[in-house]
Amino acid sequence: MDTESNTFWCRLLRAKYENGISMRKSSNWWKDLHLLCFGSREGKWYEEGAHRKVGDGGDINFWYEKWIGDASLCCLFRPLYQVSAQQNHKVKDMGVWSAAGWSWNFCWVSPLNMEQERLLVDLQQLICNFVPKLGCPDSWKWVPDQFGIYSVKSAYMLLSGSVPVQGDNMFRLLWSLKAPSNAIALAWKVLINRIQTKVNLNRRGIVLNSACPLCLTSDESTDHLFFSCPIVWKVWSKISAWFGVFSVLPADSSGHFLQHLGILGSLKIRKGGWVVWLAVIVCIWQGRNSVVFRNMQFDANAVFDLVQFKAWSWLKAKVRSFHYSLFEWISNPQECLQGV
Ligand SMILES: [Zn+2]
């Protein structure tokens, strides 16, 4: 239906199911199919795999639909979306054509703060090369397939985890965590690989020796610095031991984030675990900057102590029912998170 929208069979299905029949009156077959594809948390796989392909932008919502990158812009740039005066605008209504070409035109319900201004720069960089194609209708593409065409095989690969699709769920979760906004913004940059590691600075033409300042044996990419560097790995293994879980975590940022303390199961504990994840990211970045700019040593034990304190102070400030002492938190973090 996504790729052959004008065919007879497609128009027939649309006429029958899209507007005329409410879910309550639908057949069991249709209800099951809808639940499987869109209804439950696990059932959002179809949304994760189906992205929009912009033509003239007249049919695609700028904020809600996935048309650039792996996530919808409302999830990726949550703090900007929340103050947008154009939340329901289509892509083509978010800018204007003039003699000089296409230019974006954003309107906000209130003045942007510093963090939002920084996010706006990132948003503008993301969409700066995009220009709507006049006279060309919008369409769909199926991301797990290299040609953008849906097939049962590619859907199976997506469902079985062979095709990694990050996206809305991850960013929705990130922005909802109980932590300071600057910590979330830093983690956000890590997840979209926009942090100023040496490899990323080299890519922008700022040539540096790209060796990781902590281990000096690999290039300082985002994934290396935060997840696979043997020096920071000590911090992550201390976190696992503190929570009493032992698992091998992926070395890419979104996989690492999504699977962090995954073995704990309970969402309540995992949300607290993600606050700890944010604290680790912040402390690694601060520790790394102390090495680069102040010639200090990166001490995994000291970083671990700081992570414990930071996560505790954030939870204490942001979660009303978190009334545990630092000693209780350090002694049994799982029990503290279970109790909130
Ligand atoms: Zn390293």
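Heavy-atom basis, side chains included; hydrogens, waters and symmetry copies ignored.
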A.B. asks: If we only count heavy atoms from C-beta on, is the Ile195 to Phe226 side-chain gap below 4.5 Å?
C.D. replies: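 In short, these two side chains touch, coming nearer than 4.5 Å.
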
A.B. asks: Quick one: list whatever passes salt bridge (Lys or Arg N to Asp or Glu O under 4.0 Å) with Arg78, sequence neighbours left out.
C.D. replies: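 Counting only residues at least two positions away or on another chain, Arg78 forms no salt bridge (Lys or Arg N to Asp or Glu O under 4.0 Å).
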
A.B. asks: In a table with atom names and distances, give each donor-acceptor pair under 3.5 Å that connects a side chain of residues 296-311 to protein atoms at least two apart or in another chain.
C.D. replies:
unit_1: Asp299; atom_1: OD1; unit_2: Asn301; atom_2: N; d: 3.0
unit_1: Asp299; atom_1: OD1; unit_2: Ala302; atom_2: N; d: 3.3
unit_1: Asn301; atom_1: OD1; unit_2: Lys238; atom_2: NZ; d: 2.9

A.B. asks: For Trp312 and Phe327, what are the C-alpha separation, side-chain angles and deciding distance, and is it a ring pair (Phe, Tyr, Trp, His ring centres under 6.0 Å)?
C.D. replies: CA-CA 10 Å; Trp312 173 79; Phe327 177 75; over 10 Å; no

A.B. asks: If we ignore hydrogens and angles and just use 3.5 Å, is the side chain of Asp138 paired with the main-chain N or O of Val54 as donor and acceptor?
C.D. replies: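 Pair absent, no side-chain N/O of Asp138 close to backbone of Val54.
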
A.B. asks: Compute whether any side-chain donor of one residue and acceptor of the other, for Glu328 and Ser325, lie under 3.5 angstrom apart.
C.D. replies: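 There is such a pair between these side chains.
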
A.B. asks: Checking Trp314 now: which residues fulfil ring pair (Phe, Tyr, Trp, His ring centres under 6.0 Å) with it, not counting sequence neighbours?
C.D. replies: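 In terms of ring pair (Phe, Tyr, Trp, His ring centres under 6.0 Å), with neighbours along the sequence ignored, Trp314 is linked to no residue.
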
A.B. asks: Go through the structure and list residues passing salt bridge (Lys or Arg N to Asp or Glu O under 4.0 Å) with Lys189, not counting sequence neighbours.
C.D. replies: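 For Lys189, the residues satisfying salt bridge (Lys or Arg N to Asp or Glu O under 4.0 Å) (neighbours in sequence not counted) are Asp122.
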
A.B. asks: Trp108: which residues meet the ring pair (Phe, Tyr, Trp, His ring centres under 6.0 Å) condition with it, sequence neighbours left out?
C.D. replies: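 Trp108: ring pair (Phe, Tyr, Trp, His ring centres under 6.0 Å) contacts with Phe106.
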
A.B. asks: Apply salt bridge (Lys or Arg N to Asp or Glu O under 4.0 Å) to Asp59 and list each qualifying residue two or more places apart in sequence or on a separate chain.
C.D. replies: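 Once residues adjacent in sequence are excluded, the partners of Asp59 under the salt bridge (Lys or Arg N to Asp or Glu O under 4.0 Å) criterion are Arg52.
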
A.B. asks: Would you find a donor on one side and an acceptor on the other, under 3.5 Å apart, between the side chain of Gln116 and the backbone of Pro79?
C.D. replies: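 At least one qualifying donor-acceptor pair exists.
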
A.B. asks: I'd like to know if the side chain of Thr197 pairs up with that of Glu220 as donor and acceptor (distance under 3.5 Å, no hydrogens or angles considered).
C.D. replies: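 Looking only at side-chain atoms, Glu220 and Thr197 do not form any donor-acceptor pair under 3.5 Å.
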
A.B. asks: Going by distance alone, is a donor N or O of one side chain under 3.5 Å from an acceptor N or O of the other, for Trp233 and Ser228?
C.D. replies: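 No, no side-chain donor-acceptor pair sits under 3.5 Å.
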
A.B. asks: Flag the pair Val91 / Trp67 as yes when at least one side-chain heavy-atom distance between them is below 4.5 Å, and no otherwise.
C.D. replies: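 Of all side-chain heavy-atom pairs linking Trp67 with Val91, at least one is under 4.5 Å.
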
A.B. asks: Has Lys316 got a side-chain atom pairing as donor or acceptor with Tyr324's backbone, closer than 3.5 angstrom?
C.D. replies: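 Looks like yes, one N/O pair under 3.5 Å.
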
A.B. asks: May I ask you to check whether Phe227 and His256 place their ring centres under 6.0 Å from each other?
C.D. replies: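 Aromatic pair counts; centres sit under 6.0 Å.
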
